[in-house]
Each structure stands twice: as C-alpha cells, then as structure tokens.
S.K.: 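Handing you this structure, nothing more for now.
Indexing begins at 1, ligand by ligand and atom by atom, following the structure's order. One-based numbering along the sequence shown.
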Amino acid sequence: MVPLALLESFDLKSLLLFLLAFLLVLDYLKNKPPLNFPPGPIAIPFLGSIFNVNFKEPHINLTKLGKTYNNIFSMQMGRQKSVFLTGYKMVKEALVNQAENFADRPYSPLAVRLYASNGGLFSSNGEMWKKQRRFALSTLRNFGLGKKTMELAICEESRFLQDEMDRQKGEAFDPTTLFNNAVSNIICQLVFGQRFDYNDHDFQMMLKYISEALQLEGSMWGWLYESYPAIMKYLPGRHNVLFRNYEFVSKFIRKNLDKHKADLDPSNPRCYMDSFLIEKENSHDPAEGFTEENLVWCTLDLFIAGTETTSTTLRWALLFLNKHPEIQDKVQEEIDRVIGQTRQPCMADRPNLPYTEAVLHEILRRGDIVPLNGARMAVKDTTLGGYFIPKGTTLMPILHSVLFDENEWETPNSFNPEHFLDKDGKFVRRDAFLPFSAGKRVCLGEQLARMELFLFFISLFQKFHFSTVEGTQLSTEGIVGITLTPQPFKICAKAR
Ligand code: HEM
C-alpha cells in the first residue's frame, strides 16, 4: 500500500509540473515570433533576453551581437520583442530610407509614468508630436537660432564660463558643474528668457537631478523598469530616485511657469514659455497638446535632452585634447591665426577654421554621446534587411555601431580628426557622422548644439591652455547612461 502522504506529495508534484508545463507553453505561444522575424539570442522563459545585455557597456555588447546576426537581430525585453539595428547601412535604411515607417516612439512604461499619457517632445506620437515639434522648432528659430540673438547669448555665457575658470587660478578642478551651468543657461534663455546665477540653489539642484536621472535611465534600473514595470513599480531600488528627480525638475519648471503667467504680455513674448501660453489661448483642440501640463513636459524634455548631451561633449573635448596635446596646439595655432587672442569668436569664423571644425566633429564621433540612440517603433508592417517587421515592433538603431563602423571609418577606435579632412586640409563631411541620429526624429536641438559647441569650444581654447596634474592619466572609457560620460576628472586651465 502507498502511504497517503506520498500520494498527496505525488499529486502536488504532478500538479506543479503540469502548471509549469502549461505556463511554459503559454509563454512560448505569447512570445512566438511571427514568420521571418529577425533571429536573436535564446530567451529564458518568462525572463526574456535581458540577461544577454551587459549593462556596463550595452552599446559595445549590442554592436558585437549585430556582427553575429548580420546587423539585425531581436531580443525579448520583458513583455515586448525589440529589434536591434547595427552598422551605418542598416541604421540608414531604417531611419532615412524608411523614415515614415519608423517615425514613432514605442510604448515606454517610464514615459507613461512621467508624462501620464501622450505628451512632451521626446515620447509623444502622432498629431501631438508633429504639432509640438514644429512649434518648438519655429519658436527656437524666433528666439535666436539663425539670428544673431542666440549667438550673442552664447558668447555672453562663454564670458561667465571663462571668468569662473579664471577663478580656479590654474589649480586642478572638475569642469562638470561649470559646463552644466553654462549649457543649461542657454536652454534657460530659450525657455524662460533668462539665465541663472551659477550659485542659484534650485538651479544647481535641478542640474544635479537631471544628470543623475539620465544616468539611472540608461542603467540596469532603467532597463528593468522598462521591461518589468508591473513588478518594479512595487520594488525598492534606484529606479525610484529617477522619478523623484524628475518630479523635482518639474516643480522647478512649474514655479517658473507661474511667474510667466503672472507677467505675460501677449503682444511681446519673451521666450518659448510665453509663446506657448499665447498659442494655448488660440488652440482649441486638446489633441494638439497646448496645455499647461504639456508645457511642463515639453520644457522638461528640452532640459533633459539639451543639457547633459552638450555639456558631456565639452568634457570629452577637454579630455581628448589633453590626451593629444599636439592636437590642442594645432587648434590654438589655427584660432590665433584666424581670430587672434582678443576678439570673441562668431559663427562666421566657421568656414575659416577647417582643422578646429574637424576636431569638433571627431569629439562628437569618438565621444559617442548618445551611444544607444532613442528607441523607435514601426508605424506599419514593413520589411527590413529581408526580415518582416510587424507594426508596433520596437526598434533600437544603435548609434555607437554607426560612429565606430569599421566599414566607414579608417581608424574607428582612435581619436583622429583626419577622418574629417582631405589631403589638402579642407574639412569634409562624412555620411556616417550621425551623433544626432537621422530621419523624422533627428535631434531637434542639433543646430543649437552645434552653435553652442563651436562658440564655447573656441572661446575656451582661445583663452586657456588645458593640462592635467603631472603624472595623472585620463581614461577614455566612458560611463554609460542615456549619455556616455567621461569618468570624473580634474583639469588645470592656465590663461594663455
Ligand atoms: C551634443 C548635443 C546633442 C546630441 C549628441 C543629441 C543627440 C540626440 C539624439 C541621438 C536624439 C534621438 C534621435 C532619434 O531618436 O533618432 C535626440 C533627440 C532629441 N534632442 Fe538632442 N542631442 C543634443 C543636443 C540637444 C539640444 C541642445 C536640445 C534642445 C534644444 C535637444 C533636444 C532634443 C529633442 C527634443 C529630441 C527629441 C526629438 C523627437 O523625438 O522629435 N538635443 N538628440
């Protein structure tokens, strides 16, 4: 006779086994890829492929996977299958040749929690995104891009930056905060019509919180939240810091919005915020997104997208020109010859500074500022690289794989301004130079970022010689978040 306890345990075991088999079949059926979907690494049942990502250097890890799968592969990330694209040709095929098909952003649990629904400039889709992108671009143009106003504002900010560097008296200092202050003040001029003092407490906190949030968003915490939001929502962890930080920045923006509402003069808009409030009165269709809530989100996006990126590029500039003193010397020789040491640089100097222009391009390429790019979504069923991509599929066109593509760049891993110079020393454009991405969602602030980088960079190297404390070696290994930032470092700025 079989003892009752044994029978009961056998039954329980069978039940559990049956349940497990049932869930495995369910998981398989739910995640079964459609016919001719891009292949990819094997996924673990219930957990997907997230363990195939090396969170210390996902951009390098995903680029390597791309080589195994002929530049297009898929991975199960939580509840959704994502397709990863690598190499200039494949990324261009999706973003440029099929621009309309991949113009949308995918569903993002992070964005939904931040923006409540369709909102902001980065994550919105459809009519709202089109309307808001067009409005932001035209307002940026009205407030100085392409006119002298913006150029003058950047030159004025350069002087504040130079004064702060002068105050260091040639001693080693970390340039991160100073660059964040200067660059963010340009966004402040655009959206609020004013700059903030470098000692303003709320301004400083906002910058600190944005940097930290961007780091977390691109870290394992961001990926875990995007992949398993239903669980992560209730778990402790660094992802909670991310939401707290953005809440603080939103409050800072709301405080400024209240001031603008109080002294708005509809006949004399001073900035993006004023123009938005005026447009809000004229727009009667909520789908266009001219609401106060959406104004806060769009402003938040301009700060998030426009501060850390540009400021990080300037830090890479100091780092690379320190590692290559001969390049710093050549840049300064060209600046001295074309502009001299006293006149402030202006945008009209650009065509006369081919070597400096090549160095700036190489900083953006080798600095690899947004290594993974923004995610896209297929707007309709389409074919890419011979594979079927159903409507709604998430796409990750990896920018690192383009900026370091061995088929496009002679020495992809070196810092080499010659990539952008011909044999006569003239500046040459390169097709695979896509640090701002491409297509319908190409960086909205590209023109502004290029103007800032040019004017800040030249005014710094015109005035100072940068070096490290003797015996210090700077690392060119970056820290990955949404942006790729250099390891913290200290630099000495000696007046020339
Ligand atoms: C060196 C500086 C910068 C770099 C490398 C950079 C790079 C990028 C990249 C790679 C994207 C994603 C594009 C895509 O999904 O295909 C993007 C989007 C965006 N950037 Fe920038 N960016 C920079 C500066 C700025 C500045 C200064 C602003 C603000 C004026 C800005 C505003 C935006 C916005 C609003 C988007 C979202 C566009 C959309 O979805 O329609 N960026 N940027």
S.K.: Determine, considering heavy atoms only, which of Asn373, Leu399, Leu137, Ile482 sits nearest to atom 12 (C) of ligand 1.
M.R.: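 It is Asn373 whose heavy atom sits nearest to atom 12 (C) of ligand 1.
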S.K.: Just checking, any donor-acceptor pair under 3.5 angstrom between side chains of Gln132 and Ser124?
M.R.: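 The criterion, which ignores hydrogens and geometry beyond distance, is not satisfied for Ser124 and Gln132.
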S.K.: In this structure, which one of Glu212, Glu217, Lys208 forms a side chain to side chain donor-acceptor pair (under 3.5 Å) with Asn245?
M.R.: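 Of Glu212, Glu217, Lys208, side chain to side chain donor-acceptor pair (under 3.5 Å) with Asn245 is met by Glu212 alone.
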S.K.: For atom 1 (C) of ligand 1, what is the nearest protein heavy atom, given as residue, atom name and distance?
M.R.: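 Of the protein heavy atoms, Thr313 OG1, 3.4 Å lies nearest.
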S.K.: Does the distance from a Lys or Arg side-chain N to an Asp or Glu carboxylate O, for Glu446 and Arg450, drop under 4.0 Å?
M.R.: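 Counted as a salt bridge, because a side-chain N and a carboxylate O are separated by less than 4.0 Å.
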S.K.: Assess Arg105 against Trp129: is NZ or CZ under 6.0 Å from the centre of the six-membered ring, and within 45 degrees of the ring's axis?
M.R.: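 No cation-pi geometry.
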S.K.: Test the Arg195-Phe203 pair against the cation-pi criterion, namely NZ or CZ under 6.0 angstrom from the six-membered ring centroid and within 45° of the ring axis.
M.R.: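 The answer is no; the distance or angle limit is not met.
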S.K.: Determine, using heavy atoms of Arg450 and all atoms of ligand 1, whether some pair is separated by less than 4.0 Å.
M.R.: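 Not so, Arg450 does not reach ligand 1.
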S.K.: Among all protein heavy atoms in this structure, tell me which lies nearest to atom 38 (C) of ligand 1, with the distance rounded to 0.1 Å.
M.R.: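 Residue, atom and distance for the closest contact: Arg133 NH1, 3.4 Å.
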S.K.: Please name all residues satisfying ring-ring contact (aromatic ring centres under 6.0 Å, His included) with Tyr88, sequence neighbours left out, ordered by chain then number.
M.R.: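 For Tyr88, no residue satisfies ring-ring contact (aromatic ring centres under 6.0 Å, His included) once neighbours in sequence are set aside.
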S.K.: Please state which protein non-hydrogen atom is closest to atom 37 (C) of ligand 1 and give its distance, to 0.1 Å?
M.R.: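 So the nearest neighbour among protein heavy atoms is Phe122 CD1, 3.4 Å.
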S.K.: Please work out whether any backbone atom (N, CA, C, O) or any side-chain heavy atom from C-beta onward of Arg441 is under 4.0 Å from ligand 1, and answer side chain, backbone, both or neither.
M.R.: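 Both parts.
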S.K.: Taking N or O atoms only and a 3.5 Å limit, does Arg376 qualify as a polar contact for ligand 1?
M.R.: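 By distance alone, the answer is yes.
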S.K.: Looking only at distances, can you tell me whether any N or O atom of Glu452, backbone or side chain, sits closer than 3.5 Å to an N or O atom of ligand 1?
M.R.: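 No.
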S.K.: Enter the distance from Arg441:CZ to Met377:CE here, rounded to the nearest 0.5 Å.
M.R.: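 It comes to 9.5 Å.
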S.K.: Do Arg366 and Phe320 meet the cation-pi criteria used here (NZ or CZ under 6.0 Å from the six-membered ring centre, within 45° of the axis)?
M.R.: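 Here Arg366 fails the 6.0 Å and 45° test against Phe320.
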S.K.: Under 3.5 Å, is there a donor on one side chain and an acceptor on the other for Arg159 and Gln344?
M.R.: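 Looking only at side-chain atoms, Gln344 and Arg159 do form a donor-acceptor pair, the distance falling under 3.5 Å.
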S.K.: What do you reckon, does Asp301 have a nitrogen or oxygen under 3.5 Å from a nitrogen or oxygen of ligand 1?
M.R.: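 Among all N and O atoms of Asp301, none is under 3.5 Å from an N or O of ligand 1.
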S.K.: Flag the pair Lys92 and Glu408 as a salt bridge only when some basic side-chain nitrogen lies within less than 4.0 angstrom of an acidic carboxylate oxygen.
M.R.: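 Salt bridge: no.
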S.K.: According to side-chain hydrogen bond (donor to acceptor under 3.5 Å, both in side chains), who are the partners of Glu357, at least two apart in sequence or on a separate chain?
M.R.: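 By the side-chain hydrogen bond (donor to acceptor under 3.5 Å, both in side chains) rule, Glu357 matches Arg350.
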S.K.: Can you tell me which residue and heavy atom of the protein come closest to atom 5 (C) of ligand 1, and the distance to 0.1 Å?
M.R.: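 The protein heavy atom lying closest is Pro435 O, 3.6 Å.
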S.K.: Who's the nearest protein heavy-atom neighbour of atom 15 (O) of ligand 1, and how far?
M.R.: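 Result: Arg105 NH1, 2.7 Å.
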S.K.: So what's near atom 21 (Fe) of ligand 1, protein N, O or S atoms under 2.8 Å?
M.R.: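 Result, waters dropped: Cys443 SG.
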S.K.: Considering residues at least two apart in sequence or located in another chain, which fulfil the ring-ring contact (aromatic ring centres under 6.0 Å, His included) criterion with His324?
M.R.: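 His324 satisfies ring-ring contact (aromatic ring centres under 6.0 Å, His included) with Phe415 only.
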S.K.: Tell me whether ligand 1 is touched by Lys440 - counting only heavy atoms on the residue side and a distance under 4.0 Å.
M.R.: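 Lys440: no contact with ligand 1 (<4.0 Å).
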